[in-house]
Colleague: 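Dropping the structure in here first, questions after.
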Amino acid sequence: MQDPADRLLTIPNALSVLRLLGVPLFLYLLLGPHADGWALVVLIAAGLSDWLDGKVARWLNQMSKLGALLDPAADRLYILATLVAFVVRDIVPLWVAVVLVSREIVVGACLPVLRARGYGPFEVSYLGKGATFNLLYAFPMLLLAQGTSTAAQIARPVAYAFMVWGGALYLWSGALYVYQFFLALRRPPGVAPV
């Protein structure tokens with residue numbers, strides 16, 4: 001009998017795959033025809049599906065190893081794609097993108113070392129999820145904040161607040177992952193954390 005954690009075909013996994021497929025569409029809409037309204041719809045749908053796949057996984061008991069990899073991968077891909085597109089469109093400064101992407105590179109560089117020592121990937125923390133949540137709310141608001149409409153003027157301070165808070169939490173969660181990495185390095189290979 002198959003371990004439930006090894007399931008591939010689950011509703012949460014399907015939602016994560018759909019979210020991943022939305023990334024090129026989002027980039028095309030934002031960078032090609034500058035269809036910001038439709039890009040905003042795709043970004044909001046991605047954020048909602050991120051929330052929904054976790055809820056459905058717990059509700060239907062459909063947690064899986066693939067889902068544990070797909071969900072954060074989709075989050076990170078949206079963050080990276082959005083940052084790149086926003087830098088190209090001058091929505092966020094280059095240094096913001098460099099700082100946030102550097103966090104991903106540093107945390108990502110820890111994973112092969114952990115794997116070689118017999119550990120799996122970092123467990124997703126509530127702090128990391130909160131950081132991603134804030135950034136995934138900041139991005140649509142930043143897109144909405146473009147222009148001179150009343151909606152844009154209202155969205156702008158909210159968008160920057162989510163961006164600053166989400167960015168700070170994102171860096172802090174990255175620092176905690178690196179701390180966990182160094183704790184794991186202090187243990188002999190194969191020894192489980194306490």
Side-chain angles (χ1 to χ4, degrees), residues 1-31 38-86 97 100-140 143 162 166-167 169-178 180-181 184 193:
M1 184 170 180
Q2 184 183 23
D3 180 2
D6 291 333
R7 292 178 292 198
L8 298 178
L9 299 176
T10 66
I11 294 169
N13 289 353
L15 288 170
S16 292
V17 168
L18 284 173
R19 195 160 75 248
L20 283 167
L21 293 174
V23 171
L25 175 62
F26 170 73
L27 285 172
Y28 166 74
L29 291 168
L30 200 57
L31 298 176
W38 286 111
L40 183 63
V41 168
V42 170
L43 201 54
I44 290 170
L48 289 174
S49 72
D50 180 38
W51 172 81
L52 186 61
D53 71 7
K55 289 289 185 194
V56 169
R58 287 183 292 282
W59 182 52
L60 297 177
N61 194 25
Q62 291 188 347
M63 281 91 49
S64 68
K65 292 176 187 173
L66 179 62
L69 295 173
L70 280 178
D71 183 53
D75 291 346
R76 282 165 180 74
L77 190 56
Y78 263 101
I79 288 170
L80 177 64
T82 304
L83 286 170
V84 167
F86 281 9
L100 295 178
V101 170
S102 295
R103 180 262 197 207
E104 281 304 310
I105 291 169
V106 168
V107 171
C110 297
L111 296 177
V113 176
L114 288 175
R115 202 169 294 122
R117 294 181 60 90
Y119 295 107
F122 295 109
E123 275 192 43
V124 176
S125 68
Y126 286 110
L127 183 65
K129 278 305 254 183
T132 302
F133 172 84
N134 276 281
L135 289 176
L136 291 178
Y137 272 84
F139 293 153
L143 193 52
F162 270 112
L169 290 176
Y170 205 63
L171 294 176
W172 182 247
S173 67
L176 291 177
Y177 288 138
V178 170
Q180 290 174 7
F181 170 74

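Sequence positions, counted from 1, serve as the residue numbers for this chain.
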Colleague: Nearest heavy-atom pair of L169 and N134: which atoms, and what distance?
Modeller: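 Closest heavy-atom pair between L169 and N134: CD1-ND2, 3.7 Å.
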Colleague: Show your working on side-chain contact (heavy atoms from CB on, under 4.5 Å) between L111 and F122 and close with a plain yes or no.
Modeller: CA-CA 8 Å; L111 296 177; F122 295 109; 3.7 Å; yes
Colleague: L21 pairs by side chain to side chain contact (heavy atoms under 4.5 Å, CB included) with which of L25, V23, V17?
Modeller: V17
Colleague: Compare every heavy atom of I44 with every heavy atom of P140, then report the nearest pair and how far apart it is.
Modeller: CB-CG1, 4.0 Å
Colleague: Keeping Q62 on the side-chain end and V56 on the backbone end, is there a donor-acceptor pair under 3.5 Å?
Modeller: no
Colleague: Taking the side chain as C-beta and beyond, is there a heavy-atom pair between L83 and F139 under 4.5 Å?
Modeller: yes
Colleague: To the nearest 0.5 Å, what is the distance between CG (L127) and CH2 (W172)?
Modeller: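 Between atom CG of L127 and atom CH2 of W172 there are 8.5 Å.
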Colleague: Can you tell me if Y28 has over 12 outside heavy atoms packed within less than 6.0 Å of its OH?
Modeller: no
Colleague: Of the non-hydrogen atoms in D53 and S16, which two are nearest, and what is the gap between them?
Modeller: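 Looking at all heavy atoms of both residues, the shortest contact is OD2-OG, 2.8 Å.
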Colleague: Using only atom types and a distance under 3.5 Å, with no angle test, would you say the side chain of D50 pairs donor to acceptor with the backbone of A46?
Modeller: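 Side chain of D50 to backbone of A46, a donor-acceptor pair under 3.5 Å: no, none is there.
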Colleague: Would you give the length of the straight line joining atom CG of L70 to atom CG of D75, rounded to the nearest 0.5 angstrom?
Modeller: 10.5 Å
Colleague: So, do R19 and L52 sit near enough that their side-chain heavy atoms are less than 4.5 Å apart?
Modeller: no
Colleague: Write down the atom of A131, the atom of G166, and the distance for their closest heavy-atom approach.
Modeller: CB-O, 3.9 Å
Colleague: Classify the ring geometry between Y78 and F26 as parallel (under 30°), tilted (30 to 60°) or perpendicular (over 60°).
Modeller: tilted
Colleague: List the steps and the verdict of side-chain contact (heavy atoms from CB on, under 4.5 Å) for W38 and V42.
Modeller: CA-CA 6 Å; W38 286 111; V42 170; 5.7 Å; no
Colleague: Show the nearest heavy-atom pair for residues L27 and A81, with the distance to one decimal.
Modeller: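 Looks like CD2-O, 3.4 Å.
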Colleague: When you look at N13 and S64, which way does the side-chain contact (heavy atoms from CB on, under 4.5 Å) test go after all the steps?
Modeller: CA-CA 8 Å; N13 289 353; S64 68; 3.2 Å; yes
Colleague: Taking the side chain as every heavy atom from C-beta outward, state whether S173 and R103 have any atom pair closer than 4.5 Å.
Modeller: yes
Colleague: Could you please spell out the steps behind the side-chain contact (heavy atoms from CB on, under 4.5 Å) verdict for Q180 and L114?
Modeller: CA-CA 10 Å; Q180 290 174 7; L114 288 175; over 6 Å; no
Colleague: Roughly how far apart are L15 CG and L20 CG, rounded to 0.5 Å?
Modeller: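 Atom-to-atom, L15:CG and L20:CG are 11.5 Å apart.
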Colleague: How many angstroms lie between atom CD1 of I105 and atom CG of L100, to the nearest 0.5 angstrom?
Modeller: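 With rounding to 0.5 Å, CD1 (I105) is 11.5 Å from CG (L100).
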Colleague: Hey, could you give me the CG/OG1 distance between L143 and T82, rounded to the nearest 0.5 Å?
Modeller: 9.0 Å
Colleague: Could I get the full list of ring pair (Phe, Tyr, Trp, His ring centres under 6.0 Å) partners for F133, not counting sequence neighbours?
Modeller: Y137
Colleague: Decide yes or no for I79 and L136: does some side-chain heavy atom of the first lie under 4.5 Å from some side-chain heavy atom of the second?
Modeller: yes
Colleague: Taking all heavy atoms of A85 and all of L30, pick out the closest pair and write down the distance.
Modeller: CB-CD2, 3.4 Å
